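Notes to accompany the following structure.
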Amino acid sequence: METAAEEANGATEAVAGNEEEVTSQEGLEIISLKKGDTVKGTIVKIEDNQAYVSIGYKYDGVIPIRELSSVQLDNAAAAVEVGQEVECKVVSINDNKESLVLSKRAVDSEKSWEDLEKYFASQEAFEVTVADVVKGGLVADVGARGFIPASMVERHFVEDFSDYKGRTLRVKVKELDRENSKVILSAKEVLEEEFEANKQKIMSELSEGQIIEGTVQRLTQFGAFVDVGGVDGLVHVSEIAWNHVEKPSDVVSEGEKVKVKVLKVDPEKGKISLSIKAAAPGPWDSAAGKINIGDVVTGEVKRLVNFGAFVELLPGVEGLVHISQISHKHIGTPHEVLKEGQEVQVKVLDFNPSEKRVSLSIKETEEAPAQAARPERSNNRDRAPKEVLNNPNVSLSNEGLSFTLAERFGDKLDKFKGNN
């Protein structure tokens with residue numbers, strides 16, 4: 001009995017020992033794998049065109065560079081690093097050749113489409129890293145190949161995208177087609193929303209009459225756009241300088257810092273009107289000590305109008321030469337004797353800086369021409385005798401008339417004198 005019991009106990013212990021050995025062997029035995037399985041592992045080595053992954057199998061798996069990312073990579077190190085945990089799908093396995101090919105891209109793609117569909121539905125912004133610059137735009141790895149068209153990268157036109165590779169951008173999903181693996185992203189829309197939010201904030205803090213500093217961003221034919229804290233305001237060409245400006249680029253340049261005065265803020269239209277000239281002392285403020293009544297100065301004809309000519313005496317200070325003060329001779333229009341851009345001598349007749357008015361004269365700087373002598377009236381006696389008519393008793397000349405009367409009444413006159 002005891003012997004039988006001892007034998008039974010020995011058999012039990014032997015079975016238990018065998019079970020531990022099997023368990024131990026199972027712990028050491030590599031897990032079974034088949035194509036399509038999803039496994040987790042750690043990157044243990046990186047070469048230019050592949051990465052090695054330890055997944056607890058009897059040999060390491062390999063992720064070819066094409067299976068690391070959904071976008072084209074220059075080398076494997078651009079996608080993973082040693083020590084990084086990754087999740088992969090088994091592409092192929094061959095124990096005889098100890099070949100285990102894995103795909104990180106396949107797992108990332110499956111997960112990403114779920115996230116992309118959520119982002120598309122909510123229009124929530126998220127960050128991506130630009131993986132490549134291609135013709136027509138940028139490419140980002142979002143689990144799938146995400147494309148950002150050139151027109152959807154920035155709020156402004158970009159000519160060269162070569163330095164965008166590696167940049168982090170905030171984007172929104174604009175188009176999504178899983179069947180055709182099409183993902184269109186837009187960074188511009190995120191920037192537009194951020195800009196509008198910031199614009200409203202800045203505009204609420206601006207007040208008319210405020211003088212602030214800004215940076216000239218863009219120049220056009222009609223003015224200059226100045227950045228005043230992330231928002232552009234327009235300085236019309238007429239508000240750039242006190243003197244006449246033909247084109248903004250003659251006075252300011254892009255990137256230049258300028259002081260501007262806020263003329264108007266319109267939050268509804270999103271417009272800000274600014275003035276550079278109003279933020280600086282006006283030319284009339286300093287003209288008082290430079291212009292005096294009676295002075296004869298040189299100026300430039302700036303404008304000709306029907307009633308006279310406007311002559312610039314100092315930058316931004318113009319005076320009027322009335323048409324009656326242009327020439328000593330009578331003229332119909334100023335254009336008869338003057339032209340724009342012509343330099344002229346003028347005399348200051350009146351100066352009122354508070355009203356920004358100067359009256360000028362050109363003719364008073366010139367000597368008046370001598371007046372031609374008028375012909376004197378001739379006496380009757382100097383007049384040539386008119387032709388005597390054939391009738392001896394009628395003459396149109398005084399001489400002829402007196403002669404005829406003397407002949408006819410002379411004897412009677414003599415008698416009258418004798419009686420007296």
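Since this is a predicted model, take the numbers as computed values, not measurements. Positions are given from 1, in the same order as the sequence printed here.
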Is there a donor-acceptor pair under 3.5 Å between the side chain of [X] and the backbone N or O of [Y]?
X      : Y      : answer
Ser207 : Gln210 : no
Ser109 : Ala106 : no
Trp242 : Lys277 : yes
Lys290 : Leu313 : no
Asp95  : Glu98  : no
Arg105 : Arg66  : yes
Glu205 : Ile202 : no

For the atom pair [atom1] ([X]) and [atom2] ([Y]), what is the distance rounded to the nearest 0.5 Å?
X      : Y      : atom1 : atom2 : value
His330 : Ser324 : NE2   : OG    : 11.0 Å
Ser361 : His322 : OG    : NE2   : 11.5 Å
Glu366 : Ser327 : CD    : OG    : 6.5 Å
Lys35  : Asn94  : NZ    : CG    : 12.5 Å
Ser122 : Glu117 : OG    : CD    : 12.0 Å

Would you find more than 12 non-hydrogen atoms of other residues, nucleotides or ligands less than 6.0 Å from [X] atom [atom1]?
X      : atom1 : value
Asp48  : CG    : no
His156 : NE2   : yes
Gln72  : CD    : no

Q: Compute whether any side-chain donor of one residue and acceptor of the other, for Glu67 and Ser103, lie under 3.5 angstrom apart.
A: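 Looking only at side-chain atoms, Ser103 and Glu67 do form a donor-acceptor pair, the distance falling under 3.5 Å.
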**Q.** Gln217 and Asp227 side chains, donor-acceptor separation under 3.5 Å
**A.**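 There is such a pair between these side chains.
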**Q.** Axial cation check for Phe195 ring with Arg155, 6.0 Å and 45° limits
**A.**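 Flagged: Arg155 positioned over aromatic ring of Phe195.
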Q: Of all the heavy-atom pairs spanning Val107 and Cys88, show the shortest one and how long it is.
A: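 Taking Val107 first and Cys88 second, the nearest heavy atoms are CG2-C, 3.5 Å.
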Apply ring pair (Phe, Tyr, Trp, His ring centres under 6.0 Å) to [X] and list each qualifying residue two or more places apart in sequence or on a separate chain.
X      : value
Phe120 : none
Tyr52  : none
Phe225 : none
Phe161 : Tyr164

**Q.** side chain to side chain contact (heavy atoms under 4.5 Å, CB included) between Val53 and Thr42, intermediate numbers included
**A.** CA-CA 5 Å; Val53 185; Thr42 304; 5.8 Å; no
Using a 4.5 Å cut-off on heavy atoms from C-beta on, say whether the side chain of [Y] contacts that of [X].
X      : Y      : answer
Pro283 : Leu314 : no
Leu338 : Leu304 : yes
Ile184 : Pro149 : yes
Leu185 : Val142 : yes
Phe147 : Leu138 : no
Tyr57  : Val39  : no
Val321 : Val301 : no
Glu154 : Leu191 : yes

Q. Do Val348 and Val358 pass the side chain to side chain contact (heavy atoms under 4.5 Å, CB included) test, and can you show the C-alpha distance, the side-chain angles, and the key distance before you say yes or no?
A. CA-CA 7 Å; Val348 180; Val358 185; 4.2 Å; yes
Q) Of all residues at least two apart in sequence or in a different chain, which pass the side-chain hydrogen bond (donor to acceptor under 3.5 Å, both in side chains) check with Asn198? A)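 Per chain and number, Asn198 pairs via side-chain hydrogen bond (donor to acceptor under 3.5 Å, both in side chains) with no residue.
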Q.
Run Asp74 and Lys165 through salt bridge (charged side-chain N to carboxylate O under 4.0 Å, His left out) and show every step you take.
A. CA-CA 12 Å; Asp74 294 331; Lys165 188 172 181 178; 2.9 Å; yes
Q: Given salt bridge (charged side-chain N to carboxylate O under 4.0 Å, His left out), test Lys104 with Asp108 step by step and report yes or no.
A: CA-CA 6 Å; Lys104 177 177 179 293; Asp108 290 345; 2.6 Å; yes
Q: Please list all pairs passing the ring pair (Phe, Tyr, Trp, His ring centres under 6.0 Å) test where one or both residues lie in residues 331-369, with sequence neighbours left out.
A: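 Residue pairs with at least one partner in residues 331-369: there are none.
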Q: Could you walk me through whether Val344 and Thr298 pass side chain to side chain contact (heavy atoms under 4.5 Å, CB included), step by step?
A: CA-CA 6 Å; Val344 291; Thr298 300; over 6 Å; no
For [range], which residue pairs pass the salt bridge (charged side-chain N to carboxylate O under 4.0 Å, His left out) check, not counting sequence neighbours?
range            : value
residues 80-89   : Glu87-Lys111, Lys89-Glu110
residues 340-352 : Lys347-Glu364, Asp350-Arg357
residues 291-314 : Glu300-Lys302, Lys302-Glu312, Arg303-Glu318

Q: In plain terms, say whether Lys45 and Asp60 are close enough for a salt bridge, that is, a side-chain N and a carboxylate O under 4.0 Å apart.
A: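 No, Lys45 and Asp60 are not salt-bridged.
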Q.
Go through it in stages, so that I can follow the logic: the residues are Asp132 and Val71, the test is side chain to side chain contact (heavy atoms under 4.5 Å, CB included), and I'd like the CA-CA distance, side-chain angles, deciding distance and then a yes or no.
A. CA-CA 8 Å; Asp132 199 6; Val71 299; 5.8 Å; no
Return a table of donor-acceptor pairs under 3.5 angstrom between the side chains of residues 255-270 and protein atoms on other chains or two or more places apart.
from	atom 1	to	atom 2	distance (Å)
Glu256	OE1	Ser253	N	3.0
Lys257	NZ	Thr215	OG1	3.0
Asp266	OD1	Glu268	N	3.3
Asp266	OD1	Lys269	N	3.3

(Q) Could you go through Thr365 and Gln345, starting from their C-alpha distance and side-chain angles, then the distance that decides it, and tell me whether this counts as side-chain hydrogen bond (donor to acceptor under 3.5 Å, both in side chains)? (A) CA-CA 7 Å; Thr365 66; Gln345 292 283 314; over 6 Å; no
Q: Going by the side chain to side chain contact (heavy atoms under 4.5 Å, CB included) test, name the single residue among Leu68, Asp37, Thr38, Ile55 that passes it with Leu102.
A: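 The passing option is Ile55.
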Q: Kindly write out the residues that satisfy salt bridge (Lys or Arg N to Asp or Glu O under 4.0 Å) with Lys247, not counting sequence neighbours, or none if the list is empty.
A: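 Once residues adjacent in sequence are excluded, the partners of Lys247 under the salt bridge (Lys or Arg N to Asp or Glu O under 4.0 Å) criterion are Asp250.
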Q | With Lys118 via salt bridge (Lys or Arg N to Asp or Glu O under 4.0 Å) - residues at least two apart | A |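 None.
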